[in-house]
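In what follows, a single structure is set out as structure tokens and then discussed.
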Amino acid sequence: MASSASPISKNTIEVAKGVPSLRAGQGNSFLLRRLHSLTGIIPIGAFLLEHFISNSEATKGALAYNDQVRFLTSLPFVAVLEWGFIFLPLLYHSLYGFYIWYRGESNVSEYPWTGNWLYTSQRWTGMIAFFYILYHTYYMRFTGVHLMNGGYNAAFWKVQHEFQNPWAVAAYVIGITAASWHFAYGVWLFAAKWGITVGDRARKRFGYLCLGLAVALIAIGLVTIRAFISAPLAPEPTPVQTFETTSLH
């Protein structure tokens, strides 16, 4: 009996499994996706690395951490730097990432099974990191002691005071883990999509480096949290300069 299945055409093109490249000729979507990919590395990724390094000063004690905050908050045009290189790029990268998720861009049938799980984890860790950053930014920048305009001496105390709540510690652990994974895998995706790593072998090797990056960032974050918790309780600064009072002037 002849088989009812249709024979495979010799002209059938087998699509290689992996990460689809960013293709030209797709109008505004192509430019927006390129910008989304780029902002995840520069400036957001660069700021994330700087943030981990700066916060690790807490392992040297309250004075070292407060001095680092003083340096960062005293930079020229600090408000312009914040909005131009942190807040606005982060807002665009996050919102467009949600849009990609909504449009179902992660459901690429050419991905291998592992790739589907990894790409899905990228979407979920991005969402977790987004809400963690909102919470962290709101608490540190817009509540209680205002660290700008000379309030840097309260920096260590403010973080340590927050960590007296175990729920806050849990939120930081989850947020740091999600942000670290999202960035590290984002670096791998960036290298694959922009043609930096060509071929399965190069992508596999670079994948191990990115995994190591994620583990290193998570470790730095956990050690930093432990430094705040294990240090002797810092005295509350006097007088306490709150955000509410400074915002009235």
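All values below come from the heavy atoms of this structure, side chains included, with hydrogens, waters and symmetry mates left out.
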### Message
Using side chain to side chain contact (heavy atoms under 4.5 Å, CB included), reason through Y65 and K60 one step at a time and then give a plain yes or no.
### Response
CA-CA 7 Å; Y65 183 79; K60 301 177 183 178; over 6 Å; no
### Message
Are the side chains of H136 and Y172 in contact, using a 4.5 Å heavy-atom criterion?
### Response
yes
### Message
Within the structure provided, determine whether W188 and F206 are in side-chain contact (heavy-atom separation under 4.5 Å).
### Response
yes
### Task
May I ask you to check whether Y152 and Q68 show a side-chain donor-acceptor distance below 3.5 Å?
no
### Sub-6.0 Å ring centroid separation between W181 and W124
no
### Task
Using distance alone, with no hydrogens and no angle criterion, decide if Y99 and H36 have a side-chain donor and acceptor under 3.5 Å apart.
no
### Task
Supply the atom-to-atom distance S56 OG to I220 CD1, rounded to the nearest 0.5 angstrom.
6.5 Å
### Task
May I ask whether I133 and M140 are part of the same hydrophobic cluster, defined by side-chain heavy atoms of I, L, V, M, F, W, Y residues being less than 4.5 angstrom apart, directly or through others?
yes
### Task
Report yes if some heavy atom in the side chain of L147 is under 4.5 Å from a heavy atom in the side chain of R141; otherwise report no.
no
#### Entry: F163 six-ring face occupied by K158 cation (under 6.0 Å, within 45°)
no
### Student check: side-chain heavy atoms of S54 and L72 closer than 4.5 Å
yes
#### Entry: Closest approach of F156 to A227 (non-hydrogen atoms, all atoms of both residues)
CZ-O, 4.4 Å
### Message
Could you tell me if the side chain of W194 sits less than 4.5 Å from the side chain of S37, heavy atoms only?
### Response
yes
